[in-house]
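Below: the structure, in structure tokens.
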Amino acid sequence: MYIEADDAKLLLAEVGRFARERIGSAVARPETPVDVFVLDALTREARELGILPQEGAGGGFGLWEGTDDAGGMALSLGILAHVGYANAGIAVAWHRSALARWLSAALGAPFDAEDLHATTLVPTGHFGLARTAAARWIKSADQSDEEVALLADWLDRTAHTTTVIAPSPWSTLFWPVWRDGLIAWQRADRSQLTVTRLDAQHGLDELAAFAVRAGAGASGTATPDAGASRAIFGQVLALDMIGLLAIATGAVTRGHEMARDFAALRTQGGVVIARHPAVQQMLSEIEIARRQAEAALDGFAKPIGDIDIGTVAAARAGTHPLLCHAANQVVQIHGGIGYMRDAGAEKIVRDVNMLKLMTGGTREAHAFVAGWTGTFA
Amino acid sequence: MTASHLSGHLPADHALSPAWQFKRFPAIGRMLADYPARDLWDTDFARLPAPLARQRLRAREFAERYLVPAAAELDLAPHAAAGTCHPLARSILAEAGRQGWLSYFLPRPLGSMAWRTLPYAPIWQSTLIVEEFSRACGGLMLLLSAHHLGVMPLVLGGDLGTILRFVAPVYRACERGDPHLVAFAITEPGAGSDAEDGHGASLYHPGVIATPTKGGYLLNGRKCYISGGDLAKTATVFAALQGEGMDSWTCFYVDCTAPGFRVARTELKMGMRASGAADLEFTDMFVPTDRIIGGLRNGWALNRATLNASRIPVASMAVGFARAATETAVEFARRYLLGGKALIHYQDVQLHLATMVAETRAMRSLVWQEARHAWRPRQLDASLCKFHATDRAQHVCEMAMDLLADHGVQHEQRVEKIFRDVRLTRIFEGTNQINRLSMMEDWQGQLLAPDRPVGV
């Protein structure tokens with residue numbers, strides 16, 4: 001099902017209202033994260049409104065349902081930006097579960113509406129992005145023995161623990177595993193896994209952090225054929241990276257508004273601080289980061305099959321640190337109050353940092369880009 | 001790690017490795033080229049005058065024994081009600097007091113400063129201690145350090161009599177293991193920067209007012225974000241005189257148990273959570289005339305001198321945080337295996353760590369360079385140190401988180417806490433924007449002098 005850009009805009013206006021009014025009221029106290037019951041209720045509401053996918057395998061306009069056309073992609077990116085504006089933690093929960101649903105569909109596996117509440121996804125191995133190897137594998141480039149060994153280790157779920165950020169009651173996890181030279185997808189029940197709940201993580205307070213390792217008997221692995229394996233892995237990785245960027249852009253948009261509002265009210269030296277070049281400069285830096293991120297996201301509003309994963313990784317590596325800087329400037333403009341949890345600005349910094357570090361982080365994105373574009377003997 | 005050399009590098013005994021060959025140089029060549037490959041901390045340790053090196057080592061030992069084990073628990077502890085202190089923090093305060101870490105700005109018998117360190121600027125001594133404490137835990141460092149900020153106006157603004165009457169008893173109590181903390185209160189709601197910038201202050205209407213009364217003054221108003229204000233027994237509070245502006249600012253040494261004083265609330269902070277940031281409320285609080293520090297209407301200058309004295313130690317906090325982040329990243333890279341080998345063997349990881357180490361050591365060089373000569377710290381130098389070191393330290397902490405990637409979000413890995421702690425150093429003691437302007441304010445005499453070149 002395709003959607004025209006104008007229709008997508010109308011739908012996004014509704015999503016924006018839902019995000020600001022329903023989610024916004026639920027998360028009004030930034031120092032008190034929503035509990036799992038509120039998150040579950042909001043998820044049901046979003047599902048009923050069609051913001052999240054409905055029953056069955058697609059056919060709607062929910063998050064990550066229309067990835068085969070530009071309008072659908074624009075809609076998904078807009079949904080994540082709006083929800084990320086209201087609350088990045090909720091946006092990540094929905095993004096990852098909707099992506100799990102997308103993956104199920106790609107693998108031809110069943111995924112019902114209730115799965116949306118209980119399923120999360122990790123698109124990468126236990127650390128980083130496997131340097132250059134993952135990118136080269138997606139591209140079908142010849143792999144050296146060392147690269148194959150690296151990929152096997154990267155996706156070895158029994159030897160290494162993987163950090164999972166998800167709503168605390170999650171019961172099913174999708175993650176890639178290495179099977180005979182291909183990337184397969186394991187859909188593991190929590191009971192099959194060794195799961196350790198970690199201390200409070202850096203940000204995304206609505207979610208929890210877990211160190212997860214596969215048990216010896218973990219099953220439920222789907223292995224596509226070689227071509228599909230590469231395409232699906234590349235597309236899941238691309239959608240995840242784009243999604244995290246969209247959420248971060250939404251969060252920084254919220255921070256930008258907070259900073260502008262504060263700068264228009266707070267006085268220093270007898271005038272509102274918005275009149276001080278020091279503050280104007282910081283507001284401009286936030287604006288520039290937002291514009292760069294929005295331009296990048298606009299470029300990804302096209303069918304997933306047309307999206308180049310190297311471009312996605314490059315955009316993430318180039319843009320996400322700017323968004324982190326922008327979030328920091330939101331705090332800096334607020335001064336002391338920006339450091340306090342009840343003001344909300346510092347949460348944006350922590351959330352945007354988290355989004356940068358997830359999915360392998362941005363440091364290894366450089367190696368990934370090198371693997372995608374580079375020449376190797 | 002058992003490998004004899006890092007991937008991509010030659011082993012130390014290789015024919016093309018120079019270090020072992022330096023030892024074979026003739027005597028003069030050996031003298032000029034051969035060097036011991038010491039640990040970097042030890043290298044700087046050896047460069048310090050012996051009394052300061054000993055103090056640095058003592059601070060490190062205290063931090064590792066008392067602060068490190070408590071850091072995570074205090075960071076994760078529920079927000080404490082105003083005026084309460086976590087038992088762990090209380091016991092650390094008492095031990096710190098007994099060991100002299102709350103009284104080191106004056107020599108014995110008034111304080112705990114060793115006589116052999118007297119030839120060295122107290123701010124230099126302070127930076128060494130603060131770096132070690134920051135490396136261990138930002139919150140506990142602030143709990144132990146904000147007190148010195150509170151005492152500073154008493155030292156700078158008072159005569160010997162003031163020191164004997166007010167500072168000595170504070171220090172004695174601390175050394176008995178009964179910590180008497182002193183808070184420094186300048187910030188007011190709606191006026192953080194106006195309390196730290198002359199131009200802003202000239203246009204600001206003060207919020208805490210001192211009204212003359214028989215035998216003293218009545219204080220009314222509110223101060224906010226006062227580090228350690230929730231536990232302080234006394235405080236140096238800056239207030240304007242009734243009907244006058246900021247040029248009437250006066251420092252009052254107040255008893256926090258006196259009627260009219262109230263800790264209204266403490267803030268739930270992003271980091272440095274072992275230390276409270278308090279709102280202090282004054283309602284017709286009587287302060288006797290003999291508790292005016294530095295004289296009427298001398299508060300503004302006293303405030304600025306205090307900030308000049310404190311900003312270099314704040315820069316050393318940044319060094320401590322950058323060092324902690326770098327050391328944590330190095331340890332992670334040494335132990336974490338990817339593709340069967342430790343991360344430290346990957347060239348890009350080596351490049352990343354090299355940058356972090358260089359940044360950290362450049363910060364320390366700057367801080368020590370200024371601290372060494374900071375008997376009378378210049379505003380320009382202190383502000384420059386503060387804004388540059390804290391900005392760069394946050395960058396180093398971000399690099400550490402980037403290196404750990406998905407693992408960097410975990411509290412257990414420490415770097416995310418270090419980031420939350422370092423973030424405050426760019427805001428307090430004047431935002432880094434205010435510190436840049438503060439530097440220019442102090443420099444303007446040279447900048448505007450006609451027909452004179454400006455040296456940098």
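No experiment lies behind these values; they were computed from the predicted model shown. Note on naming: letters A, B, ... go to the chains in the order of the sequence lines (proteins, then strands), and numbering restarts at 1 for each one.
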Please state whether the side chain, the backbone, both or neither of B/L403 comes within less than 4.5 Å of a heavy atom of chain A.
both
What's the spacing between A/E31 CD and B/K269 NZ if we round to 0.5 Å?
16.0 Å
Over all atoms of both residues, closest heavy-atom pair of A/H160 and B/L337:
CE1-O, 3.9 Å
Verify, without hydrogens or angle tests, whether A/Q332 (side chain) and B/R426 (backbone) share a donor-acceptor contact under 3.5 angstrom.
yes
Test item: B/Y204 and A/T267 side chains (from C-beta on) under 4.5 Å apart, heavy atoms:
no
For residues A/N328 and B/R423, determine if any side-chain heavy atom of one lies less than 4.5 Å from a side-chain heavy atom of the other.
yes
Closest non-hydrogen atom pair, B/Y346 against A/L150
OH-CD1, 3.9 Å
Answer key: most heavy-atom pairs under 4.5 Å with chain B among A/G361, A/A149, A/G269 is A/G269
Do A/R350 and B/R420 come within less than 4.5 Å of each other through their side chains, counting heavy atoms only?
yes
Less than 4.5 Å apart, any side-chain heavy atom of A/H366 and any of B/D348?
no
Measuring only between side-chain heavy atoms, which start at C-beta, is B/Q433 closer than 4.5 Å to A/M282?
yes
Heavy-atom distance under 4.5 Å to chain B: side chain of A/I165, backbone, both or neither?
side chain
To the nearest 0.5 Å, atom NE2 of A/H325 lies from atom NE2 of B/H395 at 12.0 Å
Without swapping roles, check the side chain of B/E412 against the backbone of A/D199 for a donor-acceptor pair under 3.5 Å.
yes
Between OG1 of B/T266 and CE of A/M340, what distance do you get to the nearest 0.5 Å?
10.0 Å
For B/D402 and A/R363, the nearest pair of non-hydrogen atoms, with its separation, is O-CB, 3.9 Å
What are the two closest non-hydrogen atoms of B/L338 and A/F127, and how far apart are they?
CD2-CD2, 4.1 Å
If you define the side chain from C-beta out and look only at heavy atoms, does anything of A/R341 sit under 4.5 Å from B/H79?
no
A/A200 versus B/L76, closest heavy-atom pair with distance
CB-CD2, 4.2 Å
Honestly, the part of B/V349 sitting under 4.5 Å from a heavy atom of chain A is both
Would a 4.5 Å heavy-atom cut-off, applied to side chains only, mark B/M270 and A/V349 as touching?
yes
Between B/M272 and A/Y339, which heavy-atom pair has the shortest distance, and what is it?
N-OH, 3.7 Å
Name the region of B/M399, side chain, backbone, both or neither, that has any atom closer than 4.5 Å to a heavy atom of chain A.
neither
Answer with side chain, backbone, both or neither: which region of A/K356 has an atom nearer than 4.5 Å to a non-hydrogen atom of chain B?
side chain
For chain B, which of A/R266, A/M358, A/M354 has the most heavy-atom pairs under 4.5 Å?
A/R266
Is it the backbone or the side chain of A/Q281 that comes under 4.5 Å from a heavy atom of chain B, or both, or neither?
neither
How long is the gap from OG1 on B/T431 to NE2 on A/H334, to the nearest 0.5 Å?
14.0 Å
Okay, B/H352 and chain A: the region with an atom under 4.5 Å from a heavy atom over there is side chain
Does B/H407 use its side chain to pair, donor to acceptor, with the backbone of A/H126 at less than 3.5 Å?
yes
Side chain from CB out, backbone as N, CA, C, O: work out which of these in A/T359 comes under 4.5 Å of a heavy atom of chain B, or both, or neither.
backbone
Quick one, B/E416 with A/L357, criterion side-chain contact (heavy atoms from CB on, under 4.5 Å). Give me CA distance, side-chain angles, the key distance, then yes/no.
CA-CA 11 Å; B/E416 73 85 27; A/L357 297 171; over 6 Å; no
Part of B/N432 lying under 4.5 Å from any heavy atom of chain A:
both
Closer than 3.5 angstrom, by distance alone: can the side chain of B/D406 be matched with the main-chain N or O of A/G360 as a donor-acceptor pair?
yes
Against chain A, label B/K341 side chain, backbone, both or neither, depending on which of its atoms sit under 4.5 Å from a heavy atom there.
side chain
In the structure I gave you, are the side-chain heavy atoms of A/Q201 and B/Q410 within less than 4.5 Å of one another anywhere?
no
When the 4.5 angstrom heavy-atom criterion is applied to B/Q413 and chain A, the contacting part is neither
